[in-house]
Amino acid sequence: MPVEEFVAGWISGALGLVLGHPFDTVKVRLQTQTTYRGIVDCMVKIYRHESLLGFFKGMSFPIASIAVVNSVLFGVYSNTLLVLTATSHQERRAQPPSYTHIFLAGCTGGFLQAYCLAPFDLIKVRLQNQTEPRAQPGSPPPRYQGPVHCAASIFREEGPRGLFRGAWALTLRDTPTMGIYFITYEGLCRQYTPEGQNPNSATVLVAGGFAGIASWVAATPLDVIKSRMQMDGLRRRAYQGMLDCMVSSVRQEGLGVFFRGVTINSARAFPVNAVTFLSYEYLLRWWG
Ligand SMILES: C[N+](C)(C)CCCC[C@H](N)C(=O)O
């Protein structure tokens with residue numbers, strides 16, 4: 001099994017992640033809290049109240065986990081294509097796989113990475129939602145002091161299954177939308193590249209950026225439900241399950257609730273995924 005794809009997936013994922021984390025914090029807050037009037041209001045409040053560091057809450061864990069998550073995604077994607085089409089990464093420019101195969105490989109990668117991502121994503125969301133400023137003498141400490149403390153507290157208070165809260169919603173969110181992700185990327189690359197050649201950097205950046213946007217727009221409704229399920233169970237359970245969460249969110253906030261955070265998600269998705277695909281492609285060409 002070729003391993004370069006796993007390593008390239010890891011490095012490219014980490015580069016994209018740091019760039020996108022501040023957007024991600026704003027997104028999670030807009031989706032789960034009602035105190036902010038919009039993107040700008042949320043940014044100003046985070047900055048005033050928590051300083052620049054507020055934007056980077058919950059980042060250390062994703063950085064550690066992206067090694068597993070993004071390498072599973074890209075590694076499984078590429079190796080599934082190898083099984084389906086019997087072509088290696090190097091051969092795929094000359095013999096491009098069909099869109100059905102690309103979609104299936106993307107869904108497989110998305111499905112498997114969702115399980116690795118679930119506990120890390122839960123901890124990220126819980127930490128991002130702590131609005132307390134940095135510890136000051138005399139002020140009560142925040143509920144979770146850091147990722148490890150957060151994981152241990154969830155384990156203690158909500159049991160081992162608590163670490164997988166929201167995992168179902170996450171899997172449903174990622175399986176089809178990772179198919180969309182790779183189809184959009186390949187489709188745009190093929191559109192702007194003469195047959196048999198490698199796409200140039202500008203094409204890779206733009207195709208990667210739009211792949212990120214397309215898959216995130218499709219993923220946003222379940223992303224909102226996922227974040228809410230993850231925050232549930234902190235004090236008392238508000239939702240009986242995913243369906244109940246959907247129904248009561250729509251009842252209280254209208255259908256628009258499914259698109260909370262879509263603007264900020266797209267603004268984040270373009271640079272993050274442009275950088276992810278560019279570094280992925282170049283690392284593989286460089287090794288290959
Ligand atoms: C499938 N879904 C839309 C959830 C994600 C697609 C892009 C994944 C990328 N690592 C990012 O963080 O943007």
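Counting starts at 1 for both ligands and their atoms, in listed order. All of these numbers come straight from a predicted model, not from anything done at the bench.
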In terms of the angle between their ring planes, are Phe277 and Tyr185 parallel, tilted or perpendicular, with boundaries placed at 30° and 60°?
parallel
Taking the basic N atoms (NZ, or NE/NH1/NH2) and the acidic carboxylate oxygens, is any pair closer than 4.0 Å for Glu253 and Arg260?
yes
closest protein heavy atom to atom 4 (C) of ligand 1 is Asp174 OD1, 3.1 Å
Within ligand 1, which atoms have a heavy atom of Tyr181 less than 4.0 Å away?
7 (C)
Just which atoms of ligand 1 are under 4.0 Å from any heavy atom in Thr177?
1 (C)
What protein heavy atom lies closest to atom 3 (C) of ligand 1? Include the residue and the distance to one decimal.
Ser215 OG, 3.1 Å
Closest by any non-hydrogen atom to atom 5 (C) of ligand 1: pick that one out of Trp216, Phe270, Phe277.
Trp216
Greater than 12 external heavy atoms within 6.0 Å of Tyr99's OH
yes
Any idea which atoms of ligand 1 are less than 4.0 Å away from a heavy-atom of Arg173?
4 (C)
Does Arg285 make a cation-pi contact with Tyr282, if we ask for NZ or CZ under 6.0 Å from the ring centre and within 45° of the axis?
yes
Assess the residue pair Met231 and Arg165 against the criterion (side chain to side chain contact (heavy atoms under 4.5 Å, CB included)); give the C-alpha distance rounded to whole Å, side-chain angles, the decisive distance to 0.1 Å, and a yes or no.
CA-CA 9 Å; Met231 290 307 289; Arg165 204 178 285 284; over 6 Å; no
Salt bridge or not between Lys57 and Glu50? Use side-chain N to carboxylate O under 4.0 Å.
yes
Note: ligand 1 atoms sitting under 4.0 Å from heavy atoms of Ala219 are 3 (C)
Atom 12 (O) of ligand 1 has as its nearest protein heavy atom Arg268 NH2, 2.9 Å
For the pair Glu5 and Arg92, find out whether any cationic side-chain nitrogen is under 4.0 Å from an anionic carboxylate oxygen.
no
Among all protein heavy atoms in this structure, tell me which lies nearest to atom 9 (C) of ligand 1, with the distance rounded to 0.1 Å.
Asn273 OD1, 3.3 Å
